Protein chains: 2
Amino acid sequence: MRELYKIHAEMCKVFSNSTRLEILNLLRNKELSVTELIGKTKLSQVNISQHLSIMKSKNIVTSDRKGKNVYYKLTTPKIIKAFDIIREVLAERLRNNGKTIEEL
Amino acid sequence: MRELYKIHAEMCKVFSNSTRLEILNLLRNKELSVTELIGKTKLSQVNISQHLSIMKSKNIVTSDRKGKNVYYKLTTPKIIKAFDIIREVLAERLRNNGKTIEEL
DNA sequence: TTTATATATAAGAATATTCTAATATGTTAT
DNA sequence: ATAACATATTAGAATATTCTTATATATAAA
């Protein structure tokens, strides 16, 4: 049973990096190619590929090559459900401090 | 706006350790003292205090001293909502592999 | 005020994560 | 076949995390 906490923690490690969260948020509605992700984030190609590789190895995203491009998408919308709950908590806290998400 | 992803990631770091997840799961319904947590987990006092300290610094739990004991509880039930969504994803995956959570 | 019980903090070795730079591989067009 | 474009992998320095050991602090009981 303690093994389950380890697997759970391994999965949450994916969410513990801001670059990966940014990528996941971009993938919330539609699949995107690496090139598109580069364009939207201004991050380096290498870095994005590395993070996508990490997320793929944890089964958070899947990839699909279409010609020269490789498209990535979420394996389940529940990932974004969890993402959004944490955002709600953060938004509440900011609000309590007189700030809004938009200000950041 | 990229700042928000960093705060979000900081919060998720709390969930990226199996011991902390175990503690959070024990705190899901009721507040517990450090001694009670030691009894339920068989982890060392120092280790539990350290993890509680980390979670307190990230505002995931709050503490309340009552006599000799210090009781900890979750700051918001949304923490457990997010926890449970990830568990659902893991349970689905195990099921697809012909296993159940109970087996672990 | 000393003792016992409960909890917290500090220091440091072992381990893990992240980014950058260099390079490799895969696909299409010429 | 080779050039151009898209993506993946490797290696390593810098940094962060985790656990253990030792010790400190806080409260209550004797």
Side-chain angles (χ1 to χ4, degrees), chain A residues 2-3 5-27 30-74, chain B residues 2-3 5-27 30-74:
Chain A
R2 189 156 282 175
E3 184 60 21
Y5 289 114
K6 286 197 182 157
I7 299 170
H8 190 147
E10 282 304 308
M11 182 147 192
C12 287
K13 270 186 193 159
V14 169
F15 313 130
S16 73
N17 175 279
S18 60
T19 299
R20 288 194 292 269
L21 289 175
E22 191 174 356
I23 293 172
L24 288 174
N25 196 35
L26 288 168
L27 295 177
K30 52 190 173 310
E31 63 177 24
L32 292 173
S33 68
V34 177
T35 301
E36 288 170 325
L37 286 168
I38 293 168
K40 286 172 187 288
T41 62
K42 309 298 181 195
L43 294 166
S44 75
Q45 179 269 316
V46 170
N47 202 214
I48 290 194
S49 273
Q50 284 170 334
H51 284 299
L52 287 169
S53 164
I54 288 167
M55 294 198 278
K56 197 177 165 186
S57 75
K58 300 274 171 65
N59 282 299
I60 304 289
V61 299
T62 55
S63 65
D64 184 13
R65 182 178 276 277
K66 293 177 184 170
K68 275 190 290 188
N69 299 299
V70 176
Y71 286 80
Y72 283 85
K73 67 176 175 201
L74 302 178
Chain B
R2 189 157 283 176
E3 184 61 23
Y5 289 114
K6 284 196 184 156
I7 299 170
H8 191 146
E10 283 304 309
M11 180 147 192
C12 287
K13 268 184 195 163
V14 169
F15 313 129
S16 74
N17 174 280
S18 60
T19 297
R20 288 195 291 268
L21 290 176
E22 191 174 355
I23 292 172
L24 289 174
N25 196 34
L26 288 168
L27 295 177
K30 52 190 172 308
E31 64 177 23
L32 291 174
S33 69
V34 179
T35 301
E36 288 170 323
L37 286 168
I38 294 168
K40 286 172 186 287
T41 62
K42 308 298 179 196
L43 294 166
S44 76
Q45 178 269 316
V46 171
N47 201 213
I48 290 194
S49 273
Q50 283 170 333
H51 284 299
L52 286 169
S53 165
I54 288 168
M55 293 199 279
K56 197 177 164 185
S57 76
K58 300 275 172 62
N59 282 300
I60 304 289
V61 299
T62 56
S63 65
D64 183 14
R65 182 177 276 276
K66 294 178 184 167
K68 275 191 290 187
N69 300 299
V70 178
Y71 286 79
Y72 283 85
K73 66 177 174 200
L74 302 179

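Quick caveat, the model's predicted, so the values are computed rather than measured. Letters go in sequence order (proteins before strands), and every chain restarts at 1.
- Under 3.5 Å, the side chain of A:Gln45 and the base of D:dA8 form at least one donor-acceptor pair of N or O atoms.
- In this structure, OG1 on A:Thr35 lies 8.0 Å from CD on A:Gln45, to the nearest 0.5 angstrom.
- When atom types are taken as modelled, the side chain of A:Arg20 and the backbone of A:Glu22 share no donor-acceptor pair closer than 3.5 angstrom.
- Not counting sequence neighbours, A:His51 has no partner by the ring pair (Phe, Tyr, Trp, His ring centres under 6.0 Å) test.
- Non-hydrogen atoms lying under 4.0 Å from DNA chain D are contributed by A:Ser33, A:Val34, A:Thr35, all within residues 33-43 of chain A.
- With salt bridges taken as basic N to acidic carboxylate O contacts below 4.0 Å, none links B:Lys30 and B:Glu36.
- Checking the phosphate oxygens (OP1, OP2) of D:dT17, no side-chain nitrogen or oxygen of B:Asn17 falls inside 4.0 Å.
- The distance between atom CD1 of B:Ile54 and atom P of D:dA16, rounded to the nearest whole Å, is 14 Å.
- The residue among A:Lys13 and B:Ile48 whose nearest nucleotide of DNA chain C is located toward the 5' end is B:Ile48.
- Of the possible polar contacts, one joining the A:Ser57 side chain to the A:Ile54 backbone as a donor-acceptor pair under 3.5 Å is found.
- Here C:dT27 is the nucleotide among D:dT10, C:dT27, C:dT7 with the atom lying nearest to any side-chain atom of A:Arg65.
- Taking only distance into account, the side chain of B:Gln50 meets the base of D:dT20 through a donor-acceptor pair shorter than 3.5 Å.
- Taken to the nearest 0.5 Å, the OG1 atom of B:Thr19 stands 7.0 Å off from the CZ atom of A:Arg2.
- Of the listed nucleotides (D:dA28, D:dC19, D:dT7), D:dC19 has the atom at the smallest distance from the side chain of B:His51.
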